[in-house]
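Not measured: the values here are computed from a predicted model. Whatever order the structure lists them in is the order used to number ligands and atoms, beginning at 1. Worth knowing before you read on, the calculation uses all heavy atoms, side chains too, and leaves out hydrogens, waters and symmetry mates.
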Amino acid sequence: MMRLFALIFIGIVLSAKVYAEDLLETTELSRRALSMPMPLLDSEQKLGQFAAGRSLFNQMWVIAPSSDEDIDGLGPLYNSISCLACHSGNGRGHAPDGPTEKMRSMLVRLSIPGENPFHSEPHLVYGGQLQEFAVPGVPAEGRAEIHYEYSTIALSEGETVTLRKPSIKLVNPGYGEFGEVLTSARIGPALVGMGLVEMIDKQEILSWQDADDANADGISGRVNWIIDDATLTRKIGRFGYKASIVSLNEQIASAFQADLGLTSALFPEENCSDVQLACQQAVSGGKPELTAEQLQAVSFYLQFLAVPAPRDQSKPEVIRGRAVFDEAGCTACHRPQIKTSSTAKPAAFANRLIAPYSDYLLHDMGEELSDHRPDSGATGAEWRTAPLWGIGLAEKVGDRVGYLHDGRATTLLEAILWHGGEGQKSRDGVINMPKADRDALLQFLKSL
Ligand code: HEC
Ligand code: HEC
């Protein structure tokens with residue numbers, strides 16, 4: 001009798017767990033795999049809000065003045081006319097294959113060299129980001145060419161892989177020579193589970209820090225603390241490649257301002273430097289150009305995008321691959337399980353075990369991945385552990401995809417082979433392991 005009771009109890013617990021995940025996840029496998037609403041949006045009204053946010057995310061914004069004030073305000077300087085351009089299907093962007101190809105889902109950050117290894121100043125003329133496009137009457141800033149240096153790496157059992165290392169050359173300056181300038185090229189990352197990332201328990205992230213590598217595993221990892229000037233409190237940065245942005249709203253508003261040229265209450269100033277006069281004088285699409293309701297709608301959309309459910313978890317090769325992932329030390333940074341805060345909002349996001357495969361910490365990834373450009377509290381070599389949830393669907397969602405911050409890797413294996421610094425030991429393990437294990441590891445990544 002007790003046994004039967006226990007079984008029923010376990011049954012209830014298991015189905016409760018499945019039920020909770022069901023509300024956050026999707027099993028969609030089409031090109032829309034990363035674009036579905038969470039099943040917890042269970043009313044017409046909530047799905048309507050989601051759809052409103054989606055249409056703003058997909059919107060091709062227009063130059064002011066226009067006949068539709070709701071969607072104008074693009075520029076004066078901008079990288080793209082829509083969010084979707086760089087986050088196609090909410091998936092990742094890619095890097096051009098050479099200098100003649102345009103960057104379509106990528107941007108280049110700029111700064112001037114300085115003494116501080118963690119922070120740098122924006123370029124005095126060109127600002128913190130190169131905008132390749134401008135409205136009529138305003139010069140565009142120029143173009144970034146990508147050049148590659150190729151090398152070949154040999155793996156166990158005779159396999160070889162060709163890697164390409166990018167360097168950036170700025171051409172066609174719109175406002176005079178660039179002079180001494182530091183660049184950082186970045187592809188649009190996939191946007192998975194943004195609302196849940198914001199709700200990860202702060203203590204969880206803190207507990208993984210090991211700034212002085214006390215456990216001597218070669219992996220330190222540290223929080224990027226961001227000071228809020230207004231309240232003088234410090235918060236954990238979670239968003240962006242340098243984990244330098246605290247909240248989803250701020251991340252979205254800064255994308256609108258820097259990438260599309262749309263001002264909002266959070267970023268009320270147009271993205272023009274002191275010397276870019278035509279930019280400053282261009283017609284505005286409203287003050288601000290993006291209303292609080294529009295910002296809220298995009299935020300709602302990204303917050304409630306369903307997380308893709310892992311696939312093929314009972315396939316022997318995937319089971320083996322998961323073990324290899326652990327044995328190779330990948331889980332030290334790509335954390336497979338994280339708890340969200342007990343006070344998370346909405347309540348459906350509270351106390352959830354999620355699997356983003358990141359620790360949201362900065363790690364020194366070595367010389368080869370460094371862009372030698374200090375940025376918002378991180379050195380050029382430090383990057384936030386890339387979350388891996390949904391990574392196996394990248395090629396389903398996008399026609400062409402890149403991996404790593406600058407899209408230099410065109411396959412998951414290449415991405416692993418670039419790991420240096422704190423990730424060097426893992427990478428060497430992958431090079432030396434039997435091919436069957438390596439293949440299983442890649443199958444596991446494809447199942448996420
Ligand atoms: C020109 C390409 C481009 C456009 C256009 C663009 N993004 Fe991004 N997006 C990026 C890049 C690159 C990053 C990483 C930035 C960094 O860390 O420096 C990013 C990061 C993000 C992130 C954080 C992801 C994470 O894992 O932390 C969000 C959210 C986001 N973008 C939303 C938007 C929204 C909303 C829009 C439209 C307003 C937009 N993006 C437009 C390229 C773009
Ligand atoms: C020391 C921490 C660390 C370890 C250990 C580590 N990674 Fe990473 N991983 C990172 C960081 C940081 C990035 C992002 C680097 C960048 O964008 O330049 C990354 C990126 C990746 C990417 C590309 C993700 C994307 O979105 O483009 C893959 C795939 C990956 N890691 C797999 C692995 C595997 C498999 C292992 C184990 C063999 C591993 N990593 C070990 C920190 C780590």
Side-chain angles (χ1 to χ4, degrees), residues 53 56-57 59 61 78-87 90 92-93 103-109 129 131-132 184-194 197 217-221 238-245 248 251-260 262 290 295 298-299 301-302 321 324-334 357-365 369-371 375-376 381-388 391 394 401-409 411-416 418-419 421-430 433 441-442 444-445 448:
L56 291 171
F57 187 86
Q59 180 65 48
W61 297 80
Y78 59 96
N79 290 92
S80 196
I81 62 171
S82 70
C83 305
L84 193 69
C86 293
H87 302 284
N90 299 306
R92 55 194 47 246
M103 291 184 173
R104 297 199 183 282
S105 46
M106 190 171 194
L107 53 85
V108 176
R109 293 274 160 77
Q129 184 169 312
Q131 275 93 20
E132 299 199 2
S184 178
R186 302 172 182 190
I187 59 167
L191 304 179
V192 178
M194 292 289 112
V197 171
D217 63 352
I219 295 176
S220 38
R238 300 164 189 233
F239 295 101
Y241 288 118
K242 299 287 186 181
S244 57
I245 300 210
L248 183 57
Q251 170 70 57
I252 295 169
S254 93
F256 268 107
Q257 191 239 19
D259 305 346
L260 304 185
L262 282 127
L290 191 73
L295 181 59
V298 176
S299 190
Y301 171 63
L302 292 182
V324 175
F325 188 74
D326 193 28
E327 289 156 18
C330 315
T331 48
C333 302
H334 296 283
Y357 292 89
S358 175
D359 53 7
Y360 297 91
L361 298 177
L362 291 174
H363 295 276
D364 185 321
M365 297 302 287
L369 275 180
S370 175
D371 58 20
D375 182 4
S376 318
E382 283 179 315
W383 300 98
R384 178 192 73 170
T385 304
L388 302 179
I391 201 161
V401 296
Y403 300 99
L404 299 171
H405 65 274
D406 53 13
R408 66 177 73 185
T411 64
L412 293 168
L413 180 56
E414 285 174 35
I416 299 169
W418 278 110
H419 282 54
E422 296 174 37
Q424 178 84 32
K425 223 163 70 184
S426 280
R427 165 212 180 249
D428 293 348
V430 172
M433 66 179 52
L441 175 65
L442 296 173
F444 167 66
L445 292 176
L448 298 181

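- Look at C86 and atom 8 (Fe) of ligand 1: no N/O/S atom of the residue is under 2.8 Å from the metal.
- Between the side chain of K242 and the main chain of E382, a donor-acceptor pair closer than 3.5 Å is present.
- Scanning the protein heavy atoms around atom 12 (C) of ligand 1, the nearest turns out to be I187 O, 3.3 Å.
- With respect to atom 27 (O) of ligand 1, the closest heavy atom belonging to the protein is G240 N, 2.7 Å.
- Taking each heavy atom of A415 and A409 in turn, the nearest pair found is N-CB, 3.5 Å.
- For ligand 2, the atoms sitting less than 4.0 Å from at least one non-hydrogen atom of Y403 are 27 (O), numbered in the order shown with element in parentheses.
- In terms of protein heavy atoms, atom 29 (C) of ligand 2 is closest to L412 CD2, 3.9 Å.
- Considering A386, G329, A243 only, the shortest heavy-atom separation from atom 13 (C) of ligand 2 involves A386.
- At a cut-off of 3.5 Å, with distance as the only test, no side-chain donor of Y241 or D371 sits close to an acceptor on the other residue.
- Atoms of ligand 2 found under 4.0 Å from any heavy atom of V430, numbered from 1 in the order shown, are 38 (C).
- Under a 4.0 Å criterion applied to the non-hydrogen atoms of S80, ligand 1 contributes the atoms 5 (C).
- Side-chain atoms of H87 do not come within 3.5 Å of backbone N or O of L84 as any donor-acceptor pair.
- For ligand 1 and F256, the ligand atoms under 4.0 Å from any heavy atom of the residue are 38 (C).
- The closest protein non-hydrogen atom to atom 28 (C) of ligand 2 is L388 CD2, 3.8 Å.
- Between the R92 side chain and the G402 main chain, a donor and an acceptor come within less than 3.5 Å of each other.
- In this structure, the side chain of R109 does not engage the main chain of A185 through any donor-acceptor pair within 3.5 Å.
- Between the side chain of Q131 and the backbone N or O of A258, at least one donor-acceptor pair lies under 3.5 Å.
- Here Y78 and W61 keep their ring centres 6.0 angstrom or further from each other.
- Q129 and N79 share a donor-acceptor pair across their side chains, judged by distance under 3.5 Å alone.
- There is no side-chain donor-acceptor pair under 3.5 Å between D259 and S80.
- Side-chain N or O atoms of H363 include none that pairs as donor or acceptor with a backbone N or O of I219 at under 3.5 Å.
- Atoms of ligand 2 lying under 4.0 Å from any heavy atom of L369, numbered from 1 in the order shown and given with element: 18 (O).
- Among all non-hydrogen protein atoms, the one lying nearest atom 17 (O) of ligand 2 is H405 N, 2.9 Å.
- Formation of a donor-acceptor pair under 3.5 Å by the S358 side chain with backbone atoms of T385 is found in this model.
- Of the protein's heavy atoms, R109 NH2, 3.8 Å lies nearest to atom 15 (C) of ligand 1.
- Of all protein heavy atoms, the one closest to atom 6 (C) of ligand 1 is D259 OD2, 3.1 Å.
- Considering only non-hydrogen protein atoms, atom 24 (C) of ligand 1 sits nearest to L191 CD2, 3.7 Å.
- Formation of a donor-acceptor pair under 3.5 Å by the T331 side chain with backbone atoms of H334 is not found in this model.
- Aromatic ring centres of W383 and H405: separated by under 6.0 Å.
- Heavy-atom distances between A85 and ligand 1 stay at or above 4.0 Å for every pair.
- Residue contact check: I391 has heavy atoms under 4.0 Å from atoms 24 (C), 25 (C), 26 (O) of ligand 2.
- The closest donor-acceptor contact from the side chain of Q251 to the backbone of I245 lies at 3.5 Å or more, if one exists at all.
- For atom 8 (Fe) of ligand 2, the set of nearby N, O or S atoms under 2.8 Å includes one belonging to H334.
- Counting heavy atoms only, C333 comes closest to atom 1 (C) of ligand 2 of the residues A415, G421, C333.
- In the candidate list A255, A185, S82, S82 is nearest to atom 5 (C) of ligand 1, counting heavy atoms.
- Scanning all protein heavy atoms for the shortest distance to atom 37 (C) of ligand 1 gives C83 SG, 1.8 Å.
- Coordination check, C330 versus atom 8 (Fe) of ligand 2: failed, since every N/O/S atom of the residue sits at 2.8 Å or beyond.
- Heavy-atom proximity to Y241, at under 4.0 Å, picks out these atoms of ligand 1: 14 (C), 16 (C), 17 (O).
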- prompt: Under the ring-ring contact (aromatic ring centres under 6.0 Å, His included) criterion, do W418 and Y403 qualify, and how do the steps go?
  reply: CA-CA 10 Å; W418 278 110; Y403 300 99; over 10 Å; no
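- Heavy atoms only, all atoms of each residue included: V298 and L56 are closest at CG2-CB, 3.7 Å.
- Among M103, Q251, Q59, the residue whose heavy atom lies nearest to atom 20 (C) of ligand 1 is Q251.
- Closest heavy-atom approach to atom 42 (C) of ligand 2 within the set R92, R186, M365: this belongs to M365.
- Between N79 and ligand 1, no pair of N/O atoms sits closer than 3.5 Å.
- Under a 4.0 Å criterion applied to the non-hydrogen atoms of E422, ligand 2 contributes the atoms 1 (C).
- Its N, O or S atom nearest to atom 8 (Fe) of ligand 1 is what matters here, and for H87 that atom is NE2.
- For ligand 2, the polar-atom distance check finds no N/O of I416 at less than 3.5 Å from any of the ligand's N/O atoms.
- For atom 19 (C) of ligand 1, the nearest protein heavy atom (residue, atom name, distance) is P189 CD, 3.3 Å.
- When the heavy-atom distances from atom 9 (N) of ligand 2 to H419, H363, R384 are ranked, the shortest goes to H419.
- The two residues L404 and R408 have their closest heavy-atom pair at CD1-CG, 4.0 Å.
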